[in-house]
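Have a look at the structure below before the remarks.
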Amino acid sequence: MRIATWNVNSIRSRIDRVEAWVQRADVDVLAIQETKCREDQFPHDRFAALGYEVAHHGLNQWNGVAIASRVGLEDVSRGFPDLPQWGEPAVEEARAIGATCAGIRLWSLYVPNGRHITDPHMQYKLAWLDTLRVQTQAWAETGSPFALMGDWNIAPQDEDVWSMEYYLDKSHVSPPERAAFQAVLDAGVTDVVRPHTEPGDFTYWDYQRLAFPKRRGMRIDFILASEPLAERVQGAVIDREERKGQGASDHAPVVIEVADA
DNA sequence: ATGGTTGCCAAGCAA
């Protein structure tokens, strides 16, 4: 079984490429981030035509997460307990959706962008991650297979950015963010993609300044699996090809191959 | 050279 995560940067503007990619990559489950639309705007019919069920959580033109599956989709959860609120008025944003597919509990997550080390968004981001840490610990204690998939807006290691000098005073690499990411790992999950990749294998490249052809990217999209699932992962790939050409998302899809239970 | 890109939706914000 092939499971993937992809920040598509608007499902409506990307639907043609998403449709082509899920067929080319032959994925059974796709966790999507940044759908950027309400539920009534989501192109459900396009996924249904390909044989995928979809659970979507989208409240407005921002954020938005979904899970598409052709191996079953059960027990959908939109958000999880104690997530911090944001905005005026403060609301819980559409940044997490969970579903059970082929016996595996999968989460599509869009971690808040801290924007800058000193920005209020950074405290929101860290609080959000701490809530995720608490939940991860609880999920791990059940001993069931699960994965946290999505855009973390964190580059946990120096090799995960094209230049540490460039990012030194910026978000995504700060010690508090990296500590928050590590705390989630310590709660009971592991990065199952890294063992199958090399330094310089990024998942995101800015649209600006020719970042992609200059290979100036970051590795900020991850699949973190609990032990019962991690031991079934047979391979992984970041599909850099999908970042090429007109109409590409600024993120590449990340795929894992999982053995049957 | 203080630039450039994309998507929301139609001015400015978000990434």
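Proteins get letters first, then strands, A, B, ... in listed order; numbering begins at 1 in each.
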Does A:R215, at its CZ atom, have more than 12 non-hydrogen atoms belonging to other residues, nucleotides or ligands within less than 6.0 Å? no
Among side-chain atoms of A:R105 and A:T100, is any donor-acceptor pair under 3.5 angstrom? yes
Rounded to the nearest Å, what distance is computed from the [atom1] atom of residue [X] to the [atom2] atom of nucleotide [N]?
X      : N      : atom1 : atom2 : value
A:N63  : B:dC13 : CG    : P     : 17 Å
A:L210 : B:dG3  : CG    : P     : 17 Å
A:Q33  : B:dA15 : CD    : C1'   : 14 Å
A:N60  : B:dA15 : CG    : C1'   : 15 Å
A:N7   : B:dC8  : CG    : C1'   : 14 Å
A:E34  : B:dC13 : CD    : P     : 18 Å
A:D221 : B:dA15 : CG    : C1'   : 13 Å
A:I11  : B:dC8  : CD1   : P     : 11 Å

Which residues satisfy the side chain to side chain donor-acceptor pair (under 3.5 Å) test with A:H57, sequence neighbours excluded? none
Taking side chain to side chain contact (heavy atoms under 4.5 Å, CB included) as the criterion, tell me which of A:L224, A:T136, A:L106, A:L229 meets it with A:F146. A:T136
Determine the interatomic distance between P on B:dA11 and the same-named atom on B:dA1; round to the nearest Å. 34 Å
Pick the P atom in B:dC9 and in B:dA15, then give their distance to the nearest Å. 15 Å
Side-chain donor-acceptor pairs of residues 163-171 of chain A under 3.5 Å, sequence neighbours excluded:
residue, atom, partner, partner atom, Å
A:S163, OG, A:E165, N, 3.4
A:S163, OG, A:Y166, N, 3.0
A:K170, NZ, A:Y166, O, 2.9

Can you pull every protein N or O that's under 3.5 Å from an N or O on nucleotides 4-7 of chain B?
residue, atom, partner, partner atom, Å
B:dG4, N9, A:Q208, OE1, 3.4
B:dG4, N7, A:Q208, OE1, 3.4
B:dG4, N2, A:R209, NH1, 3.2
B:dT5, O4', A:Y207, O, 3.4
B:dT5, N3, A:Q208, NE2, 3.4
B:dG7, OP1, A:R14, NH1, 3.3
B:dG7, O3', A:S10, OG, 3.4

Any side-chain heavy atom of A:T35 sitting closer than 4.5 Å to one from A:V65? no
For a quick check of understanding: with a heavy-atom distance under 4.0 Å over all strands, which category does A:Y110 fall into, base, sugar-phosphate or nothing? sugar-phosphate
For the residue pair A:W152 and A:H172, is the inter-centroid distance of their aromatic rings smaller than 6.0 Å? no
